[in-house]
Structure formats: C-alpha cells, structure tokens
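A, B, ... follow the sequence lines: proteins, then strands. Residue 1 opens every chain.
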2 protein chains.
Amino acid sequence: MTEDLVSILHARGQRVTPQRLVILRSLREHGGHVTAEEICRSIRDDLPGTSVPTVYATLDLLVELGLTRKLDVGVGYALYDARTDPHQHTVCRRCGRVDDLEYKLDREGLTRATEAAGFRADAAELVVAGLCADCVQAPSQ
Amino acid sequence: MTEDLVSILHARGQRVTPQRLVILRSLREHGGHVTAEEICRSIRDDLPGTSVPTVYATLDLLVELGLTRKLDVGVGYALYDARTDPHQHTVCRRCGRVDDLEYKLDREGLTRATEAAGFRADAAELVVAGLCADCVQAPSQ
DNA sequence: ATTGGTGCAAATCCTTTGCAATAGC
DNA sequence: GCTATTGCAAAGGATTTGCACCAAT
C-alpha cells in the first residue's frame, strides 16, 4: 500500500522509516480529510510514542512528494487528504463537516486569467461554504 | 464613506462607535488585503488605544454585515478585504503576496454540483497558488 | 439608566523550533 | 559510522476569552 512511497524515498536518497510508512497508510486507510491530531491518535496502536512534530514533518514531506494534499478550508487547522486527483471541497458553517465536491474548474480560463497577471499558477483550491445536507434539515441554530 | 454602516447598525439596533467607523474607513481607504494587525496599526493615529480584541470583533461584525470579506489563503492569518463583489485571489508561494484575480466561477455548475450533494452553498472562494510575476523573474530560491 | 462595546491581560489552539538521542543506510 | 529522523519540551503566533469599566442610546 506504500510501495510508491518506498521507491520515491529511495530515489531521493531519503530514509524509509516506520513513521513515514504508517502515517501514509493511515491516511490512505482513512480515506477522508484528517487532521494531524487524528493521525497521531490513529497510529498510536501501530507506533506508540510517535511525536506530534514528526507527524507534521511527515505530512509536509508527503505533500511535497505529491502523495497527499494539504487543505485549508478556514476551520482553524489543516486537513490532509490522500486523494490527490483534482476535486474541490465543501465546508459546513454549522457543523464544520468537510466533504469532497466533484466540480471541474475551468483550467483554461484560469490559466488565461492568471497568465494575464504574469502569475505562474501551480495549484487551485476551491472551497464552498454553506450548510451541509444534515444541517439544512436540522431544526435550526 | 461609512454612511451605509451607520444605517445598518441603526436598523439592527446596534451602536455606532468610533471604532467601528474608523476600522471600516481604514479598510476602505487601504483598498487591498489587510491583516487585523495592520488595521490595528493603521488606526493608531485616529484612535489610539484601540485593542486587538475590538479589531477582531469589529471585523467579524463587518463580515457578518456583508461590508467586508474575510480571506483565508493559507498563509497562517486572515486577510480582510473591503471589496465584496465576486472575485478570486492568487497567493505567491515565495513572497506571500496576495492579489485579486478577475475570474468568474461557473455559478450554475457550482450550484448543480453542490445541490446534488444536498449542500446549500452561500459562498465560494477560489485561491490559486504559485509564483507571482516578481518571483517568476527573480533569480530563484 | 441600561447594557452593548471596549480594553486589558491572560488563555487557547495549532504548529514549529532547538537539541539530544536514535536508527536507517 | 555517518547523519537524517525522531522525540521531547518548550516556544511561537494568530485569535479568543473573562471580566471590569465606559460610553452610546
């Protein structure tokens, strides 16, 4: 499940550590959007004593390697997403729930708009805020 | 320059305080994307002693009233924008510069995608990351 | 006169840093 | 054995809280 990470690390001359393998596996098994703290808790069984700084450092590395996406949806902490293909996100203003949004950005239009400004874009993140299906139903407040 | 705020506050039965007027005026005079801390400094002349919590509370209020937009572009702190008409943003990975991006989201497509999920959207923010014109030119690193 | 707003200081929260100890290679 | 990684504790920085005072209505 983490063979790709192993070969990338080898290719880059970086070390294959259990922390790196376990964190990526946890991310992939979870499948959704996870906080660093949730990763910490979820790997406690496999690797007791893994430190918070290590989790952050590893997540940063995975992002750099293109194996993970770091999401900032404005909830005050970062979310990590093992799904790296193009998709967007919704965030519920009431309950904070974050879901995938299958929506295609108009890449051509975006490229045109950014190049007009001399900007060299390498990523685009769309966050749609509002009320999730559950909270729309809910009594209110 | 802040008559709209005065009438909204009256209509809502809220108080018209110098802090509220000065902060909105500062935001509008600046025109760009400002941090809470920059607001604090910029109003020091008009209203010495204005506290940080007041600035945050006022900015929150202005956002709620629809007179300001709060931006989270992933730089670790919020930016406030007096421009509230639909537009998006670019953020430079190297120098952190944030600029307006004139790009029209496909509202219809977005509505379709979010409604399919039962989500009631009320705002959409697109942040494009990359290198700004200056940093593209720059020697590198 | 009421009570919503403000200022102050301290707390909170996520994330990063410094440094010694450890473990990949 | 060499040095990248790790763990620990502590620092950092943006934002929020609690509470007494003040000022807008």
*Is any side-chain heavy atom of B/L79 less than 4.5 Å from a side-chain heavy atom of B/H89?*
no

*So which heavy atom on B/A133 is nearest to which on A/A117, and how close?*
CB-O, 3.9 Å

*Are B/L105 and A/L126 close enough, and set up right, to give a side-chain contact (heavy atoms from CB on, under 4.5 Å), and what steps lead you there?*
CA-CA 10 Å; B/L105 283 172; A/L126 175 67; 3.9 Å; yes

*Quickly work out the B/L9 CG to C/dT3 C1' distance and round it to whole Å.*
16 Å

*Nearest-angstrom distance from the residue atom CD of B/Q19 to P of D/dC21*: 18 Å

*Which parts of nucleotides 19-25 of chain C does protein reach within less than 4.0 Å, heavy atoms only, written one letter per nucleotide 5' to 3' as B for base, S for sugar-phosphate only and - for none?*
----BBS

_For a quick check of understanding: with a heavy-atom distance under 4.0 Å over all strands, which category does B/G49 fall into, base, sugar-phosphate or nothing?_
sugar-phosphate

*Which whole-number value in Å describes the distance from B/R44 CZ to C/dG7 C1'?*
14 Å

*Which atoms form the tightest heavy-atom contact between B/V73 and B/V91, and what is the distance?*
O-CG1, 4.2 Å

_Just N and O in the side chain of A/T54: are any of them under 4.0 Å from OP1 or OP2 of D/dG7?_
yes

*Separation of C/dG7 C1' from B/I23 CD1 (nearest whole Å)*: 13 Å

*For atom CG of B/L47 and atom C1' of C/dT6, their distance in whole Å*: 11 Å

*Who pairs with B/R15 by salt bridge (Lys or Arg N to Asp or Glu O under 4.0 Å), at least two apart in sequence or on another chain?*
none

*So, do A/H33 and A/D100 sit near enough that their side-chain heavy atoms are less than 4.5 Å apart?*
yes

*Measure the distance from CG on A/L59 to C1' on D/dT5 and round it to the nearest whole Å.*
15 Å

*Out of curiosity, does B/V6 fall in the hydrophobic cluster containing B/L24 (side-chain heavy atoms, cut-off under 4.5 Å, transitive links)?*
yes

*asked:* Would A/I39 and A/T50 count as a side-chain contact (heavy atoms from CB on, under 4.5 Å) here? Give the steps.
replied: CA-CA 10 Å; A/I39 290 282; A/T50 303; over 6 Å; no

*asked:* Nearest whole Å is fine: how far is D/dT5 P from A/L5 CG?
replied: 12 Å

_A/E29, CD: over 12 other non-hydrogen atoms inside 6.0 angstrom_ = yes

Might you list the N or O atoms of the protein lying below 3.5 Å from N or O atoms in nucleotides 14-16 of chain D, with each pair's distance?
from	atom 1	to	atom 2	distance (Å)
D/dT15	OP1	B/A78	N	2.7
D/dT15	OP2	B/Y56	OH	2.4
D/dT15	O5'	B/Y56	OH	3.3

*C/dC14 P sits how many Å from A/I39 CD1, rounded?*
15 Å

